[in-house]
2 protein chains.
Amino acid sequence: MKISELSRRTGVPVASIKYFLRQGLLPAGRATAATLAEYGEEHAQRLRLIKALTTLGGLSIAATRDVLGAVDQAHGVEGALGAVSYALPVPGVRPEEVSEGDATAGAEVTELLATLEWQVPGTSPHVKGLTAALKELRRLDAHYAPAELAAYARLAESVARLDLERAVGIDDPVSLAERAVVVLAVCAPVFELLRRLAQEDQVRRRVADAGDAGAVSPDQRRRV
Amino acid sequence: MKISELSRRTGVPVASIKYFLRQGLLPAGRATAATLAEYGEEHAQRLRLIKALTTLGGLSIAATRDVLGAVDQAHGVEGALGAVSYALPVPGVRPEEVSEGDATAGAEVTELLATLEWQVPGTSPHVKGLTAALKELRRLDAHYAPAELAAYARLAESVARLDLERAVGIDDPVSLAERAVVVLAVCAPVFELLRRLAQEDQVRRRVADAGDAGAVSPDQRRRV
DNA sequence: CTGTGTTGGATACTTCGAGTATCCAGCTAC
DNA sequence: GTAGCTGGATACTCGAAGTATCCAACACAG
């Protein structure tokens, strides 16, 4: 199909498609002449993925390019998930801002990983990100006790198990990588929304239990 | 203290402090003369919160203003959490983009909430956000089965319980609201990072189990 | 008392990301 | 054969988030 049809079918303006081509997010069509190229279904699919990443995932063009690059090179479950996981930024975390002199937070992360018996390389950007985040929490006087952190980590483990369930049974590498992107970029907001709703529900229950006072007394904390 | 000292103590440039004053993020100092104002410790604290929200939370100035406004008006656990929860955007979700004709996703959310017996008002922005996100997942051919969604929701419930544990025992309304902000804006990335690390760990284990093949066979899915 | 230097306030400017719009020459399809 | 796309390049717009400049009013050290 021509670019105009691609535009019509995906709802993306022609100028934007050209922009994505320029930015290397979308592979060029098969040129049939000096001023004509043919686009296929894979271009439409890629455009939909780009839209999902930038709108739902909230990614910048540069981040999207990195993720798509990882998708293109990935093969196999571990390759796809790993590449995408590393390329996909965690909102609100800038790993590059981790200085080296963060002894306390760094040790905290190392210890946590040891306690959990998680097998992750110390070079993972997520380790650096976690170190940065914990450091910031400490600076804000809101740091987690190791036990609290471990409790969250156990829940995160359960969530990750669910995540991976969704990846099995997909054979096509490209589909797999794209599914990985969706799981990471789009499902994270879903979980966050569920968390917020659960918070709302629990606050509501506690208020109902406590009557008009609105306070949460210790003996009611476990009733939910 | 004068603005220059406030700048020195927080590391925020004077020009930026003026910018935040202009934008209504920071209350004006107590004017001691036409060209002189006195700033207190609360200004420094507020500046630190602003920095945390914009950098770690990744919030825009406008969103930060909303959150701070909610913080200033909140009192009590439910007020603080509610106001902040509503004001704090979920990265990657634009609730205003939910059209009205989303029968399938809307019903899905309603049904989920009923199943979970969560008490949340249908007017909550998170309900709209969740509807939008599920709709997008469906469009991407990656929608959750109701049972999967419920499984995630149960985990979210556990996480929310941990979240609220951190809010009890704080009496000062302002501290409480600020803690709510930190829990929502800063801890969400922490959990996301833990989730990513857990994914890494599990992929690694599965690969180890499966040998060089790298594939995940059905009979190994449950071994982790 | 005087002049150096800071302050608040206003306004203008810069930078960056993310598109849009315009232009142009070549080609296609009616 | 010509009207109208097309690819490719370049220029423009727009908003967000600061920065920088300017100015009159004042503080306060000597």
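Numbers restart at 1 for each chain; the letters A, B, ... are given by sequence-line order, proteins then strands.
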Residues which pass salt bridge (charged side-chain N to carboxylate O under 4.0 Å, His left out) with A:R22, listed by chain and number, not counting sequence neighbours: none
Side chain to side chain donor-acceptor pair (under 3.5 Å) partners for A:D72, two or more places apart: A:R46
For B:T32, check side chain to side chain contact (heavy atoms under 4.5 Å, CB included) against everything at least two apart and list the hits. B:R30, B:L36, B:E38
A:L26 CG to C:dG19 C1', in whole Å, measures 15 Å
Just by distance, no angles: are the side chains of B:E200 and A:W118 close enough, under 3.5 Å, to form a donor-acceptor pair? no
Check the interface with nucleotides 23-30 of chain C: list each N/O to N/O pair with the protein under 3.5 Å, or write none.
none

Just the atom pairs and distances: protein N or O near nucleotides 12-18 of chain C's N or O, under 3.5 Å.
{"residue": "C:dA18", "atom": "OP1", "partner": "A:I61", "partner atom": "N", "Å": "3.2"}
{"residue": "C:dA18", "atom": "OP2", "partner": "A:I61", "partner atom": "N", "Å": "3.3"}

Only counting residues at least two apart or in another chain, list the ones meeting side chain to side chain donor-acceptor pair (under 3.5 Å) with B:D163. A:Y152, A:R195, A:Q199
I'd like the 5' and 3' limits of the part of DNA chain D contacted by chain A, with heavy-atom contacts below 4.0 Å. D:dT6 to D:dT10
Restricting to salt bridge (charged side-chain N to carboxylate O under 4.0 Å, His left out), what partner residues turn up for A:E148, sequence neighbours left out? B:R166
Tell me the interatomic distance from B:L21, atom CG, to C:dT7, atom P, rounded to whole angstroms. 13 Å
List for me each residue that meets salt bridge (charged side-chain N to carboxylate O under 4.0 Å, His left out) alongside A:R65, sequence neighbours excluded, and say none if there are none. none
Rounded to whole Å, the CD-P distance (B:E38 to C:dT6) equals 17 Å
Quick one: B:I17 CD1 to C:dT6 C1', roughly how many Å, whole number? 14 Å
Going by the rule ring pair (Phe, Tyr, Trp, His ring centres under 6.0 Å), which residues pair with B:F20 if we only count those two or more places apart in sequence or in a different chain? none
Got a sec, which residues hit side chain to side chain donor-acceptor pair (under 3.5 Å) with A:R8, two or more places apart in sequence or on another chain? none
Sequence neighbours left out, what passes side chain to side chain donor-acceptor pair (under 3.5 Å) with A:H126? Give chain and number order. A:S85
